[in-house]
Structure formats: structure tokens, C-alpha cells
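Below is one structure, written out as C-alpha cells, with a few remarks after it.
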Amino acid sequence: MARVMKVFRTLRNHWKKSTFAVCVLSYGGYWLYGKHWKANNLFEKNAAPILHLAGVEVTVVKTDYEGQAKKLMELMEQTDMLIVAGGDGTLQEVITGLLRRPDRDTFSNTPIGFIPLGSHNSLSPSLHLLSDNKVKDITSATLSILKGETVPLDVLQIKGEKEQPVFALMGLRWGAFRDVAATISKYWYLGPLKTNAAHWFSTLREWPLVQQVSVSYLAPSLRPPDLPPYKPPRPNLIYRIIRRLKNYWNPPDIEPPKVEEPEKWEEQQLLTTELFIQTHNKNPVKRRINDSMMICAEPDSFTVGEFISVGNKKHEDPTVFTKDSTKLEASACRLELPEGTGGFFNIDNEEYDATPVEVRLLPRKLRFFISAERREQLLSP
């Protein structure tokens, strides 16, 4: 009893500190609860019943550790569709495992459904109408799978000097804004001020936050027209016999092999606060002249105030760039970092060591289910 009275006496004498501690602990508890949302239960209680009621035979495979989804994709047999219930990390593992397969050209025709369950779901706004209700978003994504409407998405193949390639749907991000974004969660106890604080503290440690990078790139390729699939009728039997006899007695001339022209790489040296190589999957239904990816580099002339202001906007949407940024359209690029450069890339919100890489665009490589409502919204001016 004496100990209890001592605790209450301490709280009474130091009520300001005690109130602050309670607020911090309450906010921290709420944050931890949000970070450890039970994704499996959300899928099993909301998405799986809808699929079963629609007559879809679903085989649920749960992953227990990082990298398991890649291995599962390497062993997977032919299937009618893939449904990925998770976040950016799970989705990236699935497409990387799929596109590393020797029969990837066949498997890449398998339609993919994405049900957003992770803390980061960067692809969801491109495919579904989103709300503030997570259960509603899961239900909407599931219904779009059942309706069967798909859209082709570009893929980035990112290859280092030694490792196997990694594949991404949104892009590769590198630089000061990325580095600060990785630290924002550490300032959770500052509540709504944590984003400003993270950017400001980073300028106190080092300024200016500028990196040098050599970018070599290939020009974008012309996009072929989107023609509906057409299978010409097969000629009748007599015509086929005559054509074979003609080719037998008078074989056509063998065309000499075409000599491939060497790739014409252009190079730029950039001083930048952040570099982002991104696909056009933010609006996958928009008609484009070229098959390309965008190389965006922020200028190196930000003031501290501008750095904090731009960082806040990028925290909401990392694909947003200022009007003074350098933008290059390319079909492939190579990043050469100065020797001794450390840090990390974000590839679809997953962290990788920053090393020299080659990034190539695989245009319209995968097909994803999209809701008709979201398609119409993206097509509208």
C-alpha cells in the first residue's frame, strides 16, 4: 500500500511530466497497433468469403518470412490467376519471383489481382477507388478481380553487377528525401510535427544534402498501336497444298540476317537532392506515344525551408517533383555512383544497398485487374 501511495504522490507532484508521458505512451501504443495490423485476418474475413461465394477456387498460401514469396513463385505451377494480398514488399517479391522463372514469357500472361493489406500499397490508387475504410478497400479490390477487367502494366528490371535482377512496378528512389523518409517513424512521439522535424534535423547533421550521379540512358521506343487480337482464317486445303508445292519447287530467297545497330547511349552528370526512376503506372490507362520510363532529378539549390516544404509534399506522394527538376524520358538507363557512396535505394518502398545498376523498361509486361470505375476516372480529363 505504501508503494501505491508513493506512486500517486509522485504523479501529483510532477503532474506536467506525467501528463506528457501518458500522451506519448498512448500515441505510441496506437502507432504500434497500426503497424502490426493483422493482414491475414483481414483477407480471411473480407476477401476470401467473397471469392468463395463467387465460385472461385482459392488456394491460400501464407508467407512466414521475407523472400518466401519469391521461392513460392519459382515452384508454382500453371494457374488461372494470381491474387496478392499484402503490401508493396509482398507484391515486389511475387513479380520478381515470377519474372525470374525460365518460362516467364508464358507466366507473365497470368492476370494478377492486388488486395491492399500492407502499410504501403503504392499500386492501389492506380487500380482501385480508395477510401478511408480499409475493409471497404479490400472488398472493392476483390470485386474488381471477379469482374475480370485487366490493364497492362510496365515493369522495371533493375540489375546490379553481381546480383540477380529485381523487378519493380513503381520505381527506384535515391537521395536525401528518401533517406529522411526512412527516419520519420522514429519521431512518432512528435505526432503531426514528425515529418517537419525529421527534415529539419537532417539539415542540422549535414548541409547541403546533394549527391553526384552519372546517368547514361537510351531514348524511348515508339509504342506500337493497341490493336485488338485478330486471328486470320485458315486457308482451305487446296490452297495450302499448292503453296507447299510451290515452295518446294521454287523455294523463296533466304534473307540475310539483320545487323543490329549499336545502342546509342547518352550521358549526363547530375548534382541532385533526389533521383527517381519511375514507370507510368500511376495512370496505366493513359494513351502514350512512347514506351518509356521517367528519370526525374531534383535540383541541388534548395534552401533549408524549401527542403522541408518539398519533403512534406513528397511524404504524401514521392512521385511529385518540383518544376525546376530535370526530367528525362528513356527506355533504359545506367546509374554510376561515385566511389565510396553509401546509402540505400528504395525499390517499390523496399530498401536495397545503393550500387551501380542498369534499369530497363519491360513495357506492358504484366496484366493486373482494375476496377471499371477507376479506369473511367483515370481516363477523364
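The aromatic ring centroids of F177 and F307 lie less than 6.0 Å from each other.
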What's the verdict on side-chain contact (heavy atoms from CB on, under 4.5 Å) for T272 and V210, showing C-alpha distance, side-chain angles and the deciding distance?
CA-CA 5 Å; T272 180; V210 176; 6.0 Å; no
Please step through salt bridge (Lys or Arg N to Asp or Glu O under 4.0 Å) for the pair K365 and D105, ending with a clear verdict.
CA-CA 9 Å; K365 186 65 175 177; D105 291 335; 3.2 Å; yes
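Side-chain contact check for S122 and D88: at least one donor-acceptor pair (N or O, by modelled atom type) lies under 3.5 Å. For the 3.5 Å distance criterion, the side chains of S292 and E329 qualify, holding a donor opposite an acceptor.
Between R360 and E263 there is a salt bridge, since at least one side-chain N of the basic residue sits less than 4.0 Å from a carboxylate O of the acidic one.
Between E298 and V320 the shortest heavy-atom distance is OE2-O, 4.2 Å. Listed here is the closest heavy atom pair of I277 and C333: CD1-SG, 3.5 Å. The two residues D353 and F345 make their nearest non-hydrogen contact at O-CD1, 3.8 Å.
Using cut-offs of 30° and 60° for the angle between ring planes, the F201 and Y187 rings count as tilted.
For CD1 of I238, the number of neighbouring non-hydrogen atoms (other residues, nucleotides, ligands) closer than 6.0 Å is 12 at most.
Both tests do not hold together for K327 against F276: distance to the six-membered ring centre under 6.0 Å, angle to the ring axis within 45°.
Listed for the R244 side chain is no donor-acceptor partner under 3.5 Å among the backbone atoms of I241.
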